[in-house]
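Structure first, commentary second.
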Amino acid sequence: MTATKGLEGIVAATSSISSIHDGVLAYRGINIDELAERASFEETAYLLWYGKLPNRAELDRLRQQFSDYAEVPEVVLEQMKLYPQTANTMAVLRTAVSALALYDENANDNSRESNQLKAIKLQTQIPTLIAAFARIREGKEPVAPLKNVSIAHNFLYMLTGEEPDPIAVRALDQALVLHADHELNASTFSARVTIATLSDIYSGVTSAIGTLKGPLHGGANEAVMIMLAEIGTLDQVEPYILKKLANKEKIMGFGHRVYKNGDPRAKHLQNMSRQLSILKGDSTLYDISVKVEQLVTSQKGLKPNVDFYSASVYTMLGIPRDLFTPIFAISRLSGWTAHILEQLEDNRLIRPRAEYTGATNQKYIPIELR
Ligand SMILES: CC(=O)SCCNC(=O)CCNC(=O)[C@H](O)C(C)(C)COP(=O)(O)OP(=O)(O)OC[C@H]1O[C@@H](n2cnc3c(N)ncnc32)[C@H](O)[C@@H]1OP(=O)(O)O
Ligand SMILES: O=C([O-])CC(=O)C(=O)O
């Protein structure tokens with residue numbers, strides 16, 4: 001038995017949710033480029049869950065459900081007030097989602113109907129949890145969700161309690177579409193492994209949140225912003241990046257396990273970043289980002305991934321950088337839960353083997369002789 005490090009190239013599941021072929025990403029067969037331009041996040045979530053785009057009545061019903069279930073149990077908000085104000089926001093989200101399960105009497109019902117409803121509830125409650133913590137840690141009361149607005153609109157509204165700018169709503173909505181699913185990425189795999197033991201959807205999502213948190217995966221968007229802030233000015237790009245590369249450090253937001261010729265989502269986020277910088281009349285962050293890209297591509301042949309330009313986009317939307325990865329989770333919740341539903345439709349325990357490289361034929365030594 002020979003191990004494949006990082007399971008690279010191993011096909012570990014069948015799935016009809018999203019595909020990556022020749023550098024093209026599609027959800028249910030629809031090219032992401034088209035969805036990014038034309039679909040709302042609500043339509044995208046429906047597409048991932050139900051396998052087709054919703055008609056008007058179906059979309060209205062989903063939107064209504066998102067409105068109906070956006071509030072979270074008061075007890076969970078009260079618990080959040082006891083979390084340390086400085087807690088890592090992904091750890092907060094992981095804990096709060098896990099707590100939601102305690103107050104859902106159907107948490108352990110693994111029927112398709114029950115899990116679909118829980119996916120819808122989590123989709124609309126996770127933004128509420130994130131926005132609530134962002135306020136609680138500043139000593140402010142959480143803002144109750146609005147009725148009949150999009151997930152993107154509601155999230156921005158709940159952060160500040162003010163009506164968000166329509167341009168910001170559209171930008172966030174598009175970012176949510178772009179991050180919604182991505183075949184067997186690490187966090188989705190984690191969700192599938194968990195649910196394949198016939199655990200419950202909250203456990204699957206909690207596993208996935210913990211996996212997304214790491215900087216080699218979803219945590220890279222926050223790490224990119226830390227890097228851009230450290231760079232600070234255009235003239236510092238070259239010395240900063242060259243030093244990192246000389247030290248064999250990774251440049252966050254670059255490289256990908258599957259895409260070797262560029263991530264098809266990155267160009268949309270770059271466009272958004274450019275447009276927002278024009279609207280703001282300040283292109284510093286965008287210009288630094290472009291220069292970093294030019295240098296990393298010329299020096300290492302690495303292209304930006306989805307996390308690179310999302311950092312400048314979210315910053316220009318006025319979002320604190322430790323909410324970037326939680327925003328990724330808002331979007332990817334749709335993909336995680338679609339994969340959980342798919343896994344349960346034709347389930348088998350996921351249990352690979354390990355190539356043993358340790359000692360053999362050892363004897364037990366009594367403690368007094370060690
Ligand atoms: C939503 C997402 O999860 S997208 C990915 C987000 N993560 C990041 O942006 C973090 C930075 N990128 C990386 O760490 C990697 O490119 C990953 C984790 C995305 C992919 O990892 P892997 O497929 O395992 O590639 P691996 O890390 O083995 O890299 C292969 C080679 O390219 C180099 N490399 C890969 N990415 C980078 C990078 N961002 N900066 C510098 N060098 C890199 C590695 O050092 C390695 O070089 P070597 O062969 O000389 O040792
Ligand atoms: O697929 C991956 O390995 C990481 C990624 O881009 C994603 O999860 O969106």
Side-chain angles (χ1 to χ4, degrees), residues 3-13 15 17-21 23-27 32 35-36 44 48 90 175-192 207-228 237 240-270 289 292-314 324-339:
T4 303
K5 201 169 176 195
L7 299 183
E8 179 164 8
I10 303 289
V11 179
S15 177
I17 303 170
S18 63
S19 59
I20 305 169
H21 287 304
V24 174
L25 170 63
Y27 299 163
I32 186 72
L35 290 168
T44 304
L48 295 175
M90 284 297 278
L176 296 180
V177 170
L178 287 165
H179 287 79
D181 195 45
H182 208 245
E183 204 220 41
L184 217 51
N185 63 86
S187 54
T188 300
F189 187 54
S190 178
R192 288 188 80 130
S207 296
I209 293 170
T211 309
L212 187 72
K213 174 174 178 284
L216 296 189
H217 189 19
N221 56 12
E222 183 182 352
V224 168
M225 198 52 232
I226 292 170
M227 172 180 78
L228 295 176
V237 171
Y240 182 97
I241 295 293
L242 293 182
K243 188 170 169 209
K244 274 211 177 283
L245 292 178
N247 291 339
K248 302 232 168 296
E249 284 177 58
K250 282 189 165 171
I251 311 297
M252 290 294 138
F254 286 85
H256 199 276
R257 173 61 67 78
V258 181
Y259 300 118
K260 298 302 173 197
N261 293 314
D263 181 329
R265 301 163 294 182
K267 61 179 179 293
H268 295 285
L269 289 152
Q270 177 171 5
S289 304
V292 170
E293 176 182 349
Q294 284 163 354
L295 206 58
V296 176
T297 304
S298 67
Q299 295 285 317
K300 291 284 292 185
L302 291 167
K303 304 265 172 56
N305 58 47
V306 70
D307 287 315
F308 185 64
Y309 283 101
S310 60
S312 49
V313 166
Y314 298 150
F324 295 0
T325 315
I327 289 175
F328 196 152
I330 294 176
S331 168
R332 188 57 57 87
L333 185 277
S334 59
W336 292 331
T337 49
H339 279 265

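In listed order, ligands and their atoms are each counted from 1.
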Could you tell me which atoms of ligand 1, counted from 1 in the order shown, lie closer than 4.0 angstrom to a heavy atom of [X]?
X	result
Pro215	7 (N), 8 (C), 10 (C)
Lys300	42 (N)
Ala220	6 (C), 7 (N), 8 (C), 9 (O)
Phe328	1 (C)
Gly253	8 (C), 9 (O)
Val306	1 (C)
Asp307	1 (C), 2 (C), 4 (S), 6 (C)

*Where the closest heavy atom to atom 34 (N) of ligand 1 is concerned, which of Leu216, Thr325, Leu302 has it?*
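Selected option, by shortest heavy-atom distance: Leu302.
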
*Best match, Met252, Lys244, Lys250: closest heavy atom to atom 13 (C) of ligand 1*: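 When every heavy atom of Met252, Lys244, Lys250 is considered, Lys250 comes closest to atom 13 (C) of ligand 1.
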
Is [X] touching ligand 1 with its side chain, its backbone, both, or neither, if touching means heavy atoms under 4.0 Å apart?
X	result
Asn305	side chain
His182	neither
Val224	neither

_Parallel, tilted or perpendicular: ring planes of His182 versus His256, cut at 30 and 60 degrees_ = perpendicular

Kindly state if [atom] has a protein heavy atom within a strict 4.0 Å cut-off, that is, under 4.0 Å?
atom	value
atom 46 (C) of ligand 1	no
atom 42 (N) of ligand 1	yes
atom 9 (O) of ligand 1	yes
atom 51 (O) of ligand 1	no

*Test side-chain hydrogen bond (donor to acceptor under 3.5 Å, both in side chains) applied to Tyr309 and Glu293, Lys267, His268, the passing residue*: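 Result for side-chain hydrogen bond (donor to acceptor under 3.5 Å, both in side chains) with Tyr309: Glu293.
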
_Test your reading of the model: is there a side-chain donor-acceptor pair from Ser18 to the backbone of Glu183, 3.5 Å cut-off?_
yes

Can you report which non-hydrogen protein atom sits closest to [atom], along with the distance?
atom	answer
atom 1 (O) of ligand 2	His182 ND1, 2.7 Å
atom 23 (O) of ligand 1	Arg257 NE, 2.7 Å
atom 4 (C) of ligand 2	His256 NE2, 3.5 Å
atom 11 (C) of ligand 1	Phe254 O, 3.3 Å
atom 8 (O) of ligand 2	Arg332 NH1, 2.8 Å
atom 3 (O) of ligand 1	His217 ND1, 2.7 Å

*Arg265 to ligand 2: N or O pair under 3.5 Å?*
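Yes - when backbone and side-chain N and O of Arg265 are compared with those of ligand 2, one distance drops under 3.5 Å.
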
_ligand 1 contact by Gly6, heavy-atom criterion under 4.0 angstrom_ =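 Contact absent.
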
*asked:* Please report whether ligand 1 has a polar contact with Arg265, defined as an N or O pair separated by less than 3.5 Å (distance criterion only).
replied: no

